[in-house]
Structure formats: structure tokens, C-alpha cells
> 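Once you've had a glance at the structure underneath, I'll fire off some questions.
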Protein chains: 2
Amino acid sequence: MLHVAEAARVSVATVSAVLNGTATVSPELTQRIEQAIRDIGYKRNAIARSLKMGTTRTIGLTVPHITNPFFTDVVSVIQQAFDRAGYAVMLCCTDEDLNTQDDQIRLLLDRMVDGLIVARVGDGGILKGIVGDANVPVVLLDRLCDGVDTDAVVLDNQRAVFDAVTYLIHLGHRRIGYITGASDISPMHDRMIGYREALQAAGLPVAEELIRSGNFHEIDGYNATMQLLSLHDRPSAIFSANNPMVIGTMKAIRDIGLSCPEDISVACFDDFPWSDVFVPQLTTVAQPVQAIGEQAANLLLDRLAGNREAPPRKLVLKGRLMIRNSCRPLGALAQSVSA
Amino acid sequence: MLHVAEAARVSVATVSAVLNGTATVSPELTQRIEQAIRDIGYKRNAIARSLKMGTTRTIGLTVPHITNPFFTDVVSVIQQAFDRAGYAVMLCCTDEDLNTQDDQIRLLLDRMVDGLIVARVGDGGILKGIVGDANVPVVLLDRLCDGVDTDAVVLDNQRAVFDAVTYLIHLGHRRIGYITGASDISPMHDRMIGYREALQAAGLPVAEELIRSGNFHEIDGYNATMQLLSLHDRPSAIFSANNPMVIGTMKAIRDIGLSCPEDISVACFDDFPWSDVFVPQLTTVAQPVQAIGEQAANLLLDRLAGNREAPPRKLVLKGRLMIRNSCRPLGALAQSVSA
DNA sequence: AACGCTAATCTAAACGTTTCGAATGTGTCA
DNA sequence: TGACACATTCGAAACGTTTAGATTAGCGTT
């Protein structure tokens, strides 16, 4: 900027003024300065600007796993939204590990991000400390957090699973296996409630041996399914509470020599682009990823625009059951269908 | 830092010294300073540090689409690698659009990223200007760029497609449809050569009507496949040169009332987690995503570590044909197999 | 006791912006 | 003609670090 000022024979203050349009400067000088900027190929140093202004126009985004297609899609939407608003996005993957998440949040705060969108992990860790206390607004994504009262956008997980399991019950299924992630994650907790309530609402018992818990990974889904299928009275349907785990479920079914939906019905949480391309076409609970991402971005952008005082806002969106052909009717229903 | 210095009754220079270990300071003061840091909860301002040091310990990463599973995986690997090295990653999606890419590269450079990893789009745009000229090292990912002579890691695309198409020919296929992306993207260009060479090596003609070009999206693959399948002498196999497009291919086959592999064989570029879970299990060319991401990260980290003078390094990795059951033998071969 | 050497600490400039308040010039009005 | 308002422009401080070079203190030598 100094060079530009010299070339245009003005002070740096004037250059700054035309750059930001913050004061009226004569057409003549404006012209000279713009010319000098072009000649020199000057680019304003955003770091220096950030230091002075106290804002970086950068936000931090942390997700457990970017390879989970749900998060992939949401990250993509969020990135686009902030891009439009002139913000950069720093992306971190926490690998479902609380220490990693804490490290990365520290990394982001050190770099003075203006805001944070967090699909949190564990019990929240340092997140609890920075919400409210600090000056950086936080939006929780997908997962609420005890003791962290801030903006959030989540799914009505309970209702979504309730609907899906009720659908299975209507098809005639009575013993429905359920594979979940760690229950200290709010969506997993809520989904579990939805499962239990659906059974209870239909007057069915909740058999604890049909409930298996894993750590979100494909291998966990595989092992859980193996256990369910070796039960002496094995389930006729399995609901898998997240996407990577259902891959494990499908592989376990294949490896054990069964097929879906003939021998066992499968439904799962999270839709993905291939859902209706292959056989079986999976019945899933689709999350409105576009809306989730946009709402999260909007909540944060609103705070960044200065609206700091509004009380925390919690947006709850609805899932949608995508009925395909991975679940088959049982008993009397099966008769009427095949007839 | 000023507050820490006052609390510990020392100068800021001394605080800086213990923070960075850049000078010997007495145990007594060290102790006092560390105590003050804890008391105050002081965190060093990375922006001010960046301004002074001229380095941000942040890199920029741009990819065309993060929802393409190939890029998802590579982004994930790269993010982890830089995380380990204490770098933050700014992620941008260019949406296969050159102007968007230029905007985002400018955004990243404004923010003074220390380096750039780019899966470029279009003809490179301002990329050409910043390589060599500027002080920020650039690593090309997946896609080379004419006129941009810098570090790169790519696949041997030509060979990979050559092998895949040769495999189809060995199965007895003679008319093999080929669906590609824009040919100004180096991988697409190279893959096309591999396709042509495989046919030529087998003494087969290259029928131009079997070659269709799209813009990487599912819908493009769908339309191209529709066209191929309505040819009066339709192909017996289709090779789709990227992942989103093969979804379109599968949907088109389904919608037109055919099935894979009975009526038409399909193979494609890029493996994905579901490849072997559903029916048909897709035969794919798997890229070594882990290696690609790590090598790209290593190339850049090496430059960041100060090795600026070494000539550009180009790493070419091998793809791997994952033979599953989406391609069936034809003619005499089919006889012997079914016998 | 004067000297030099080393180790520990500090002062102050610099990084590249923004912005407040001061300075300068021009025109208007009494 | 002098006073005043207004429009432009500028000087310099500030943002929070790092670091070169200055200063000080302690100690062993002669």
C-alpha cells in the first residue's frame, strides 16, 4: 500500500480511503490511485487488515468425518454459503475424538476465526468454555451439546426413526434389530428413543438383545450385524442408525450368506446418491442436507452481522422416509402382496 | 501479551522468548511468565504473529466438487496430514467453474496462505500467473495444467483406462461406449487416449459415435448413456470416466428397462465404499486416494519447510482395476463360462 | 580495581493495515 | 476583508506480535 501511495503521490490514508470507500476523495486522486494499483498489481494484505479490524472473515467448521456422505453434503452447502458471503472456511475433521476436536478448536480460535460451526464430538470439551464466554459465535450442527446453550440446527431424529420403525412394523416385522452409535451424541440418543417409542406404540416389547452399539464406522456395523444375525431368534429387519454402519450391515448380510430383502429387511439413516441405483434400493431416512447447511450458515451469518444479543435459536428440521425396496412385507401382508 | 508481561513484571520481549523458546531466560522468570499466562488465560494472537512472520501456517485447498467421493477422500487425507503438521486448511469448492476458481484462489492468496493444493478447473486461469512468480508454492492435484510447471501428483490415467478397456475386450466386448468429461482436463484427455489405444492394440476400430462427453455430473452421464443405448447398434459395454457420471449411467440403464450386467456391462473410474455391497458390484478403477493425498501433502510440506529451489516434481501413481461382476463375458467366452 | 566476557533482559522498530483528529485549501456570507 | 463552514488530504497512532541491537549484571582475570 505504501508503494501505491508513493506511486500516486498521496498518503496511505488516502489509498485506504478509496480502497474502502470510507471517505470522499476527489475524482482526480481516485483515478491516480486506481491506476497505481493496477500498475503495481497491488493486493491488500488481509492479515494486516484482520489485525487492525479484529475480524478475519473466516469461519471454522469441524465435523467428525468428512467421508460420511451426510457431512460431505452439509460441508459442501456451508462452504458455498460462506463463499457467497465473502467468507473463507477452515475445515477440520475431528475423527470422533474429543481431544482432536479440542485441539482443532484451539487451532481455529488462535487463528481468530470470526465464528464456528461445530458438529461436536464427545461431551463438548472446551466448547463449553468458549460459548458465551468468548466473542466468537458458535452454531451447533446436527448434534446438540449438554451445557452449551447456543444456536443450533438439528433433525427431529426421534420422529424420523419413529416413522421408519413404524413403517417396518406395518410391514409385519416384530423383531427389529437396531444398530446405533455412541449414545452420548444427541442424535443417537434421540434416535434410540424413537425406536423404543415406535415399538411401544405398537405394543411390542423392546428386546435389549436386538440393540447393538458401535462407533459409527463400517466395521462396527459389520460386527453388530454379525451378532444380530447369529441370535437364535434373529431379527427379520435391521435399522442402522448411520450411513457408514449400514455398509457394514450389508456386507455382514452378504458374508453370512443371506440376502436383502428376501431374508432380512434393512433400513437406515441418511440417504446417499447411490441409494436408488443398485439392488436392493435402500429404504432410508433422508435428511434435508441443503436446508441444514443453509440454516446453519444463516444462523452464523446473522450473528456475524452483529446480532449478538438474540437468545439462542434452535432449529429442528424434519427427516423424510424414502421408501424403496430393501424392506419386504412379512406374514399375512406378504401373502397379499405376492398374490 | 502485554498483560502477561505486566503481570509477570517483565518485558514483552521476554514473554515472547519463553513462548517461542528463542532465547535463554532464567528459570525464575520463565516460571513467573508461565504462571501469568495460566492466570490470565492468555492465547497468542496468530494473526499478529502471521503479520510479523510473513507466514500463516495455513494452506489453501481447492477441488471441483467435494461431493465427488474421490475428492472427498483426498481432502480428508490432506486435511489430516496438515493437521498433524500444525497447519490449518482452507477448503474451497470451485464447482468446475474457472471464474469461481480464480475468485477463490484470490481469496486464499489475500489471506496469505503459505501454500496451495489445487485440483484445477478450466485452463488454469490466474494459476498460471501465481506459479513461479509468487512466493506461494503450488501443488497440482489429480489434474495437470498446461503452462503451469510445478509439483504435481496425478494418476497414470492412460494406463488405468487402457487396462480397464482391455479387460472388457478380453471379455469379448467389441463395441464399448465411453463417457468422458471435458477433454481439456488432463485426466480426461489421458483416459481418452487409454481408451483409444486399448481398442487399437486389439485391432478394433474406434467408433466415434460410441464416445460421449459430459460435464462430470450425474445428469450428463444419464444423457450420454441414453444416447448410447438408443444407437441402432448399441454398445455391449460402457466405460464411464468418472464417478458421478456412472450413477447417471446406471439410472439410464434402469429407466430404459435394461439390466446390468445381463444386457449391458458397465465399468467406471473411481472406486467408492459401496462398490461391492450392492448388486451389481461395480467393476472400477480404484485410485490410491490415501497415497495421492499424502504425496500431495508431502510435496507441499517439503516446499514449506524451505526447499524452494528443487525443480518441479511430478508424481505419477498407478490405478488398480477392481474386477467385480458388472461386466459379463460375451460370445464364445460366455459359453465357456456358463458351461 | 579495571577490564572483558557471557548471560539475561529490555527497548524500540517493524509487519501492513485502519482511522482519528489535525491541517490545508476553497468558497460563502456578513 | 475577515470569519466560518465545508471538502479534501494527511500525519501518526494503533492492532499484537517478533527480533535486532542495546543495556545491564555477574564473574573471572590480571
> Figure out the CD1/P separation between I33(B) and dT17(D), and round it to whole Å.
14 Å
> Can you tell me if T58(A) and R111(B) form a side-chain donor-acceptor pair at under 3.5 Å?
yes
> First and last nucleotide of DNA chain C in contact with chain A, 5' to 3', at under 4.0 Å to a heavy atom: what are they?
dG16(C) to dT19(C)
> Going by number, which of residues 21-31 of chain A have a non-hydrogen atom under 4.0 Å from DNA chain D?
T24(A), V25(A), S26(A), L29(A)
> So, does S11(A) get its side chain near the phosphate of dG11(D), meaning an N or O under 4.0 Å from OP1 or OP2?
no
> Output side-chain donor-acceptor pairs under 3.5 Å for residues 6-21 of chain A, partner residues at least two apart or in another chain, one line each.
| residue | atom | partner | partner atom | Å |
| --- | --- | --- | --- | --- |
| S11(A) | OG | A13(A) | N | 3.3 |
| S11(A) | OG | T14(A) | N | 3.3 |
| S11(A) | OG | T14(A) | OG1 | 3.1 |
| S16(A) | OG | N20(A) | ND2 | 3.3 |
| N20(A) | OD1 | R44(A) | NH2 | 2.3 |
| N20(A) | OD1 | R49(A) | NH2 | 3.1 |
| N20(A) | ND2 | S16(A) | O | 3.1 |

> Quick one: do the Q35(A) and D39(A) side chains pair a donor with an acceptor below 3.5 Å?
yes
> Test: salt bridge (charged side-chain N to carboxylate O under 4.0 Å, His left out). Region: residues 19-29 of chain A. Which pairs qualify, not counting sequence neighbours?
E28(A)-R32(A)
> So M1(B), base contact, sugar-phosphate only, or nothing? Heavy-atom distance under 4.0 Å.
base
> Expressed as a whole number of angstroms, how long is the span from K52(B):NZ to dT19(D):P?
8 Å
> Using the test salt bridge (Lys or Arg N to Asp or Glu O under 4.0 Å), find all partners of R57(B) that sit at least two apart in sequence or belong to another chain.
none
> Mind calculating the distance between CG (L19(B)) and P (dT17(D)) to the nearest angstrom?
8 Å
> Take atom CG of L2(A) and atom P of dA12(D), then tell me their distance rounded to the nearest Å.
14 Å
> In whole Å, what is the span from the CZ atom of R9(A) to the C1' atom of dT9(D)?
14 Å
> Give me the bend of the helix from dA1(C)-dT30(D) to dA30(C)-dT1(D), using the axes of the five pairs at each end, rounded to 10°.
70°
